[in-house]
Amino acid sequence: MTPVTRFAPSPTGFLHIGGARTALFNRLYAQHLGGRFRLRIEDTDKARSTPEAIHAILEGMRWLGLYWDEEPVFQSARAERHRDIAFSLLEAGKAYRCYATPEELAEMRATAKAEGRPPGYDGRWRSRTPSEAPEGVAPVIRFKAPHEGEQQIDDLIQGTVTVANRQLDDMIVLRSDGSPTYMLSVVVDDHDMGITHVIRGDDHLTNAFRQRQLFQALGWEIPVFGHIPLIHGADGAKLSKRHGALAIEAYRDMGYLPDALRNYLLRLGWGHGDEEIISDAQAVSWFDVADVGKNPARFDFTKLNSVNAHYLRQSSDEALLTLLADRRRCGGKSNYSDEQRQRLLAGMASLKPRVKRLDDLAEAAEVYLAERPLKRTDEAAKLLTAEALATLTGLRALLEASGWDRHELESLVRHYAEEVMDPAVKLGKVAQPLRAAITGSKVSPPIFEVMEILGREECLTRLDDCLI
RNA sequence: GUCCCCAUCGUCUAGAGGCCUAGGACGCCAGCCUUUCACGUUGGUAACACGGGUUCGAAUCCCGUUGGGGACGCCA
């Protein structure tokens, strides 16, 4: 039997980091076993599902490289089938109509809680006849759940988990408006889609018991469950939309690379010896949900940054230039000129080890893009003392006659510092003001490289901007 | 409140009874490299929540305590 896994987000919001990891684990698990990974959009909540969210989820998954097999299934399109199953349950005596009002339900919960019982529906319509139905109340259909005994789930991650059936009340499978509930739809769809392994967040663990009952009542094979612990925020609290969980595109906008994010997510809750940087092929061959840890992991941007920095350094200069150009276009700015592209390409090799994310890279790349007159940082301005300006004036004359590659420039400046000025003067004494003048900043890639790439004319004019 | 789950450096983790005076990575600190900042490199800091068992021997098994988390909708 080849395994079929699935990711089943509800389009009531964006794709967030926890969902992305769940999708990744599902995909890897299927790939590892040579199976298929499917996508199902759980859009049965018509009021809260939006086309924008569906689009964002699909796009987010593609961006992260979480490709799915076959066409996505839209749950809302299957309501008819779900309804049929609900009625078949009713006919088989495994479900019943319930006329309890929302007020009654709230009261039941309150009294159950007060009496120290599990809160939930008390089953008051479980054995009443339809003739007792009140006028004008549209009923829901409830599943007649077994109340005696206990059941076990052999979870891939959580191990054997046991729950007493009395903890589970009679869940609604069909709402009073005739629409199926999540609990029913999931079971029917997982069955119809041939899902063999249900891997999801462990907030669904208790649902698994209810769903198991439904599978059994329907006489269907029960899939294997694997409930992965949730991701927490840096403060240890649950990562939620209100609390630190960002949309996947937010990570893209911050300048994280999909490969890096995938690698980081993979290591959140799962490990393989001392491995840190893991290729897709390695991930597929090593990954097993059974190796996922049982304890929740905190999301740590610092570590993500370092993983991202690694992938950034590993990327080709051309690829990074393309990424930079894409960002620029998204930001509404004009394309790079040929000259700018050339400079960026030439400078990329020493730009990329200095940054963690694409937005840092874009910022660092400004050395090669900035229009004159340069904006100068306060620190750079402080470097340009009267004495420093005098030094630069002397240097400028030599520069005019110099050859223009980084090595020549360096030996020229070195010579100028040590012999023309004073043997005790260190290179830095000249190089720092030079950097401030040419880059407008106290930090930059190697200044002679920057000068070579910028060219004589640009450098001399930038110098003159300070000297006058 | 009821039920379920979890517990190794600050964080992510390795560890399936002796290989552990607990390993790696990120972070942090220091040295080296160096025209700045990074990169790189060398070294350092730092953890088995607590208490009982079981065992010749426990981070690893059992029980309890404490501390976290999750679920209890006509949401998914």
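Chain letters run A, B, ... following the sequence lines, proteins first, then strands; residues in each count from 1. From a predicted model like this one, the values you see are computed outputs, not experimental measurements. Atoms considered below: every heavy atom in the structure, side chains included; atoms not considered: hydrogens, waters and symmetry mates.
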* Tell me what A:Gly293 touches on the nucleic acid: a base, only sugar-phosphate, or nothing, going by heavy atoms under 4.0 Å. => nothing
* Structure fact -> When rounded to whole Å, the NE2 to P distance for the pair A:His204 and B:A71 reads 9 Å
* To do: Say whether A:His197 and A:Asn26, considering side chains only, have a donor N or O and an acceptor N or O under 3.5 Å apart.
  => no
* Short side-chain N/O contact to B:G1 OP1/OP2 from A:Lys113, under 4.0 Å -> no
* To do: Mind calculating the distance between CD1 (A:Ile157) and C1' (B:C4) to the nearest angstrom?
  => 15 Å
* Can you tell me the distance, in whole Å, between the CH2 atom of A:Trp270 and the C1' atom of B:A14? => 12 Å
* How is A:Val140 classified with respect to the nucleic acid when contacts are heavy atoms under 4.0 Å: base, sugar-phosphate, or nothing? -> base
* Look at all strands and tell whether A:Asn207 reaches a base, only sugar-phosphate, or nothing, counting heavy atoms closer than 4.0 Å. => base
* Structure fact -> By nearest-heavy-atom nucleotide on RNA chain B, the more 5' of A:Gln167 and A:Thr181 is A:Gln167
* **Distance, P atom - from B:A58 to B:U65, rounded to whole angstrom** => 23 Å
* Those residues that, when tested against A:Asn305, pass side chain to side chain contact (heavy atoms under 4.5 Å, CB included) (two or more places apart) -> A:Tyr256, A:Lys356, A:Arg357
* Pick the nucleotide of RNA chain B nearest each of A:Val355 and A:Gly271; which residue has the one closer to the 5' end? -> A:Gly271
* Within the structure shown, what part of the strands sits under 4.0 Å from A:His232 by heavy-atom distance: base, sugar-phosphate, or nothing? -> sugar-phosphate
* **Donor/acceptor link under 3.5 angstrom from A:Asp43 side chain onto base of B:A76** => no
* Interatomic distance where NE2 belongs to A:His227 and C1' belongs to B:A76 [whole Å] -> 13 Å
* To do: Both distances under 3.5 Å, Watson-Crick or G-U wobble: report the partner of B:U54, or none.
  => none
* To do: Could you give the distance separating B:U45 and B:A30 at their P atoms, to the nearest angstrom?
  => 15 Å
* To do: Would you indicate what A:Leu168 reaches in the nucleic acid, counting non-hydrogen atoms under 4.0 angstrom: base, sugar-phosphate, or nothing?
  => nothing
* Asked: Under 4.0 angstrom, heavy atoms only, what part of the nucleic acid is A:Thr162 near: base, sugar-phosphate, or nothing?
  -> sugar-phosphate
* Check: A:Ser441/A:Thr439 side-chain N/O donor and acceptor closer than 3.5 Å -> no
* **Separation of the P atoms in B:G23 and B:C9, to the nearest angstrom** => 14 Å
* P atoms of B:C62 and B:G27, separation to the nearest Å -> 37 Å
* In whole angstrom, give the distance that lies between atom CG of A:Leu268 and atom C1' of B:G69. => 15 Å
* Output yes when at least one side-chain N/O atom of A:Asn295 is less than 4.0 Å from OP1 or OP2 of B:U8, else no. => yes
* Indicate whether any N or O donor in one side chain lies under 3.5 Å from an N or O acceptor in the other, for A:Gln432 and A:Arg435. => yes
* Salt-bridge present (A:Glu410, A:Arg406; N to O < 4.0 Å) -> no
* With both distances under 3.5 Å as the test, what is the Watson-Crick or G-U wobble partner of B:G10? -> B:C26
* **Sugar-phosphate only, base, or nothing, as touched by A:Thr44 at under 4.0 Å among non-hydrogen atoms** => sugar-phosphate
* Nearest-angstrom distance, C1' atom, B:G31 to B:G10 -> 24 Å
* **Ion pair check, A:Asp189 and A:Arg6, cut-off under 4.0 Å** => no
* A:Tyr99 ring center near A:Trp125 ring center (under 6.0 Å) -> yes
* Please give the nucleotide sitting opposite B:G40 as a Watson-Crick or G-U wobble pair, both distances under 3.5 Å, or none. => B:C32
* Structure fact -> Taken to the nearest whole Å, CG/A:Leu184 to C1'/B:A76 is 14 Å
* Asked: Paired with B:G17 by Watson-Crick or G-U wobble geometry, both distances under 3.5 Å: which nucleotide is it?
  -> none
* With the side chain of A:Lys294 defined as its heavy atoms from C-beta on, choose the nearest nucleotide among B:C12, B:C6, B:C3. => B:C6
* Asked: Of all residues at least two apart in sequence or in a different chain, which pass the salt bridge (Lys or Arg N to Asp or Glu O under 4.0 Å) check with A:Arg354?
  -> none
* **Watson-Crick/G-U partner (both atom distances under 3.5 Å) of B:C48** => none
* Encode nucleotides 21-36 of chain B as B, S and - characters from 5' to 3', where the letter depends on protein heavy atoms closer than 4.0 Å: B to the base, S only to sugar-phosphate, - to neither. => --BBBSS-------BB
* To do: In whole angstrom, give me the gap between the C1' atoms of B:A59 and B:A16.
  => 11 Å
* Asked: For A:Leu374 and A:Gly440, which heavy atoms make the closest approach, and how far apart are they?
  -> CD2-N, 3.9 Å
* To do: Give the nucleotide from the list B:C5, B:C6, B:C39 with an atom nearest to the side chain of A:Pro296.
  => B:C6
* Asked: What does A:Ala380 touch in the nucleic acid at a heavy-atom separation under 4.0 angstrom: a base, only the sugar-phosphate, or nothing?
  -> nothing
* Asked: With sugar-phosphate meaning primed atoms plus P, OP1 and OP2, does A:Arg109 contact a base, only sugar-phosphate, or nothing at under 4.0 Å between heavy atoms?
  -> sugar-phosphate
